[in-house]
Visitor: 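One structure follows; several queries about it will come next.
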There are 2 protein chains.
Amino acid sequence: MSEPGLACCTPLSGTAMSAEQAEQVAPLLKALADPVRLRLVSLIASSASGEACVCDLNDAFDLTQATISHHLKVLHSAGLLDRDKRGVWVYYAVRPEALRAVATLFTTAVPA
Amino acid sequence: MSEPGLACCTPLSGTAMSAEQAEQVAPLLKALADPVRLRLVSLIASSASGEACVCDLNDAFDLTQATISHHLKVLHSAGLLDRDKRGVWVYYAVRPEALRAVATLFTTAVPA
DNA sequence: ACCATGCATCGACAACCGTCGATGTCTTCT
DNA sequence: AGAAGACATCGACGGTTGTCGATGCATGGT
């Protein structure tokens, strides 16, 4: 599972984006396009320390530990989360560059 | 196929988003999380008139007309595109509010 | 009235996705 | 060494998705 290339991108408007750019950004959006994963990123991003332990994240959902682990893997594989194992616990943190890559897609896209 | 509620949303950071908010925004991202659909929105948004005819969009891709029509339907159903039939042709235009809803998700989310 | 054209819909198919229970691996504590 | 806990992985399942060819449905021109 190699680090995917954190696509930087032209905004949606202006000049149309190339097929290659679309292929690069789509996986990021796909990783975020799930309610559970959105909440995961949100939870991690909004935590005081900027990171969150899997055990805490598990408690926030009515899902199996296996499922949460799967979603975290998807987000990590997409390059949206950093993973840090400390002792028995694993901490995930958001990668600001990744979120920024997605942000630039939309910020300039909207007229007002 | 009813008009889905153009979810407005708290940014990803700050306080964590609720499950309901996640359920509302996820479909928007899911609709955009495809290379073809990203390019479609991009093409439409970047066109001078702010709208594009299906016939033109068809030519921009190496896909069947049925497939393009399907993708446009997905984007329209998600509330991202407006549809306007004029004579034999159908014109699609982006709905800025929808894009803005997604934009607010990320703009405030990124520190710097 | 007929035909050509632009677009939507249908049915089918393979590929993928979200979820689960079970199991594996690694760490720490006793 | 052994047991307990935290997290990842595996295999399986039903549901969804992207794509296609074929067909249907309007509209406009002849």
Side-chain angles (χ1 to χ4, degrees), chain A residues 1-4 19 22-41 43-44 47 51-78 80-93, chain B residues 1-4 19 22-23 25-41 43-44 47 49 51-78 80-93:
Chain A
M1 207 166 304
S2 67
E3 199 78 359
E23 299 278 354
Q24 281 188 317
V25 188
L28 284 181
L29 292 175
K30 194 164 267 182
L32 287 170
D34 178 279
V36 175
R37 290 198 288 267
L38 264 183
R39 287 181 61 202
L40 280 171
V41 172
L43 277 173
I44 297 172
S47 84
E51 59 182 8
C53 172
V54 177
C55 55
D56 292 334
L57 297 172
N58 271 328
D59 297 347
F61 296 87
D62 218 20
L63 294 170
T64 311
Q65 175 260 325
T67 300
I68 298 297
S69 190
H70 163 68
H71 284 305
L72 288 170
K73 180 180 179 176
V74 171
L75 289 168
H76 176 62
S77 302
L80 285 160
L81 293 185
D82 265 336
R83 186 178 180 280
D84 182 28
K85 176 160 184 172
R86 292 206 287 274
V88 192
W89 296 281
V90 173
Y91 291 81
Y92 283 94
Chain B
M1 203 165 309
S2 67
E3 198 78 359
E23 299 279 354
V25 186
L28 285 181
L29 291 175
K30 194 165 267 183
L32 287 170
D34 179 279
V36 176
R37 290 199 288 269
L38 263 183
R39 287 181 61 201
L40 279 171
V41 172
L43 277 173
I44 298 172
S47 85
S49 54
E51 58 182 10
C53 173
V54 177
C55 54
D56 292 334
L57 297 173
N58 270 329
D59 297 346
F61 296 86
D62 217 20
L63 294 171
T64 312
Q65 175 260 325
T67 300
I68 298 296
S69 190
H70 162 69
H71 284 306
L72 288 170
K73 180 180 180 176
V74 171
L75 288 168
H76 176 63
S77 302
L80 285 160
L81 293 184
D82 265 336
R83 187 178 179 279
D84 182 27
K85 175 160 186 173
R86 291 205 287 273
V88 193
W89 296 280
V90 173
Y91 292 82
Y92 283 94

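The basis for the numbers below is simple: all heavy atoms, side chains too, and nothing from hydrogens, waters or symmetry mates. In this text the structure is predicted, and so the values were computed from the model without any measurement. Order of the sequence lines fixes the chain letters, A, B, ..., with proteins taken first and strands second; residue numbering starts at 1 for each chain.
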Visitor: Would you indicate which nucleotide in C/dA22, C/dT19, C/dA8 comes nearest to any side-chain atom of B/Val90?
Guide: C/dA8

Visitor: Rounded to the nearest angstrom, tell me the gap between atom CG in A/Asn58 and atom P in C/dG21.
Guide: 13 Å

Visitor: May I ask you to evaluate whether A/Ser69 reaches the phosphate of D/dT9, defined as a side-chain N or O under 4.0 Å from OP1 or OP2?
Guide: no

Visitor: On the side chain of A/Gln65, is there an atom forming a donor-acceptor pair with the base of D/dA8 - under 3.5 Å, no angle test?
Guide: yes

Visitor: Taking atom C1' of D/dT17 as reference, at what distance in whole Å does atom CG of A/Asp34 sit?
Guide: 14 Å

Visitor: Looking only at side-chain N and O atoms, does B/Tyr92 come under 4.0 Å of OP1 or OP2 in C/dA8?
Guide: yes

Visitor: A/Thr64 side chain to A/Ala66 main-chain N or O, any donor-acceptor pair under 3.5 Å?
Guide: no

Visitor: So, B/Ser77 side chain and B/Lys73 main chain: donor-acceptor pair closer than 3.5 Å or not?
Guide: yes

Visitor: Rounded to whole Å, please give me the gap between NZ in A/Lys30 and C1' in C/dA15.
Guide: 11 Å

Visitor: Distance check needed: C/dA8 P versus B/Asp84 CG, whole Å only.
Guide: 12 Å

Visitor: Measure from CZ on B/Phe61 to P on C/dC7 and round the result to the nearest Å.
Guide: 14 Å

Visitor: Taking 4.0 Å as the cut-off, does a side-chain nitrogen or oxygen of A/Arg83 come that near to OP1 or OP2 on D/dC7?
Guide: no

Visitor: Within the pair B/Thr67 and D/dT19, is there a side-chain N or O less than 4.0 Å away from OP1 or OP2?
Guide: no

Visitor: Testing the basics here: between A/Arg86 and A/Glu51, what is the closest heavy-atom pair and its distance to 0.1 Å?
Guide: NH2-OE2, 2.6 Å

Visitor: So, is B/Arg37 near the phosphate of D/dG18, with a side-chain N or O under 4.0 Å from OP1 or OP2?
Guide: yes

Visitor: Quick one: label B/His70 by what it contacts on the DNA or RNA (base, sugar-phosphate, nothing), any heavy atom closer than 4.0 Å.
Guide: base

Visitor: Return the value, rounded to whole Å, for the distance between atom CH2 of B/Trp89 and atom C1' of C/dA8.
Guide: 17 Å

Visitor: With a 4.5 Å limit on heavy-atom distance, are the side chains of A/Leu72 and A/Val90 in contact?
Guide: no

Visitor: Can you measure B/Leu63 atom CG to C/dC7 atom P for me and round it to whole angstrom units?
Guide: 16 Å

Visitor: Atom CG of B/Leu32 and atom P of D/dT17: how far apart are they, to the nearest Å?
Guide: 14 Å

Visitor: Taking any heavy-atom pair under 4.0 Å as a contact, classify B/Ile68: base, sugar-phosphate, or nothing.
Guide: nothing

Visitor: Given that A/Val88 and A/His71 both sit by DNA chain C, which one's nearest nucleotide is further toward the 5' end?
Guide: A/His71

Visitor: In terms of side-chain heavy atoms of A/Lys73, which of C/dG18, D/dA8, D/dT9 is nearest?
Guide: D/dT9

